[in-house]
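Being a predicted model, the structure only gives us computed values, none of them experimental. The first residue in the sequence is number 1, and the count goes up from there.
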Amino acid sequence: MRCSVISSALLALLLSMSNASQADFLLDAGFASEYVHHGIKQSNAKPVLQLDGLYASQIGLYGGLWMTGIERGAPDSTRFEIDGFAGWYVPLSTFLSVDLGMMRTTFTGDADTSKQAYNEGFFNILLNDKTTFGYRLADDYMGSGEPLQTLELAHTVNSGEFGFEFSTRQYRYLNTTEDVNWGSENRNNYFHFRLGVARNYLEHNLSLAFEKTNLSSKFDASTQIVFTYSRAFSF
């Protein structure tokens with residue numbers, strides 16, 4: 001199950017399999033043992049249902065929706081996160097591609113929950129569709145009133161039916177206040193590390209990931225081990 005937005009490497013694989021005269025639609029339905037957003041728990045150690053759909057054209061334009069359950073615990077009323085995204089994947093040479101687009105993240109719940117919605121632009125450089133150098137910028141992140149910048153370095157290795165991911169991300173508030181920070185007004189960033197393995201068996205997708213941040217326990221961001229399963233449908 002993809003996290004928040006389709007990975008550029010996966011998108012490249014989809015486009016490479018597309019016929020020149022048609023577009024592809026993919027749908028994944030499944031669950032995760034825990035929903036982890038930016039390395040921080042979002043479902044109170046409970047499994048959640050997840051669903052995502054992707055439409056991609058042969059010329060590299062794509063768009064879709066991604067949804068997951070959320071259970072942060074009282075008094076938070078958030079129940080679902082729904083992300084809409086659109087982008088353009090552009091091969092520049094046999095080994096170099098770029099991927100750029102926008103995402104809109106929304107939450108269902110009470111009036112305060114809806115205020116957490118935010119927009120995010122992204123730009124990725126891909127080497128051999130395996131190594132990603134990524135940049136994201138979210139305006140008014142989670143209703144904080146401040147923008148959040150994300151730097152990403154990720155590498156995937158495919159071996160038969162297995163795929164391995166190694167990634168690190170830095171999340172940085174471009175401005176911190178007394179209420180918007182990562183532990184103190186002097187701390188504007190943290191790192192998120194992820195090691196994952198995935199296996200596809202026909203239409204069935206399974207993954208296991210080890211995730212860790214350097215945030216304090218107050219952010220519910222200790223070491224996580226997350227298992228996901230999904231069933232893929234293609235049209």
Starting from L174, walk the hydrophobic network (Ile, Leu, Val, Met, Phe, Trp, Tyr; side-chain heavy atoms closer than 4.5 Å) and list everyone else you reach, by chain and number.
-> Y135, L137, L151
Do the two ring centres, one from Y35 and one from W66, sit under 6.0 Å apart?
-> yes
The side chain to side chain donor-acceptor pair (under 3.5 Å) partners of S97 (sequence neighbours excluded) come to Y89
According to the ring pair (Phe, Tyr, Trp, His ring centres under 6.0 Å) rule, which pairs have a member within residues 94-121, sequence neighbours left out?
-> Y118-Y141
For E146, enumerate each residue passing the salt bridge (charged side-chain N to carboxylate O under 4.0 Å, His left out) test, keeping only those at least two apart in sequence or located in another chain.
-> none
Which residues pass the side chain to side chain donor-acceptor pair (under 3.5 Å) test with K212, sequence neighbours left out?
-> T223
Could I get the full list of ring-ring contact (aromatic ring centres under 6.0 Å, His included) partners for Y190, not counting sequence neighbours?
-> Y171, W182
Sequence-distant partners of D220, side chain to side chain donor-acceptor pair (under 3.5 Å), two or more places apart = none
Could you tell me which residues satisfy side chain to side chain donor-acceptor pair (under 3.5 Å) with E71, sequence neighbours excluded, listed by chain and number?
-> none
By salt bridge (charged side-chain N to carboxylate O under 4.0 Å, His left out), which residues pair with R72, not counting sequence neighbours?
-> D76
Using the test side-chain contact (heavy atoms from CB on, under 4.5 Å), find all partners of E161 that sit at least two apart in sequence or belong to another chain.
-> R199, N200
With sequence neighbours left out, write down each residue that passes salt bridge (charged side-chain N to carboxylate O under 4.0 Å, His left out) with E34, or none if nothing qualifies.
-> none
For Y201, the hydrophobic cluster (side chain heavy atoms closer than 4.5 Å, chained through members) also holds L202
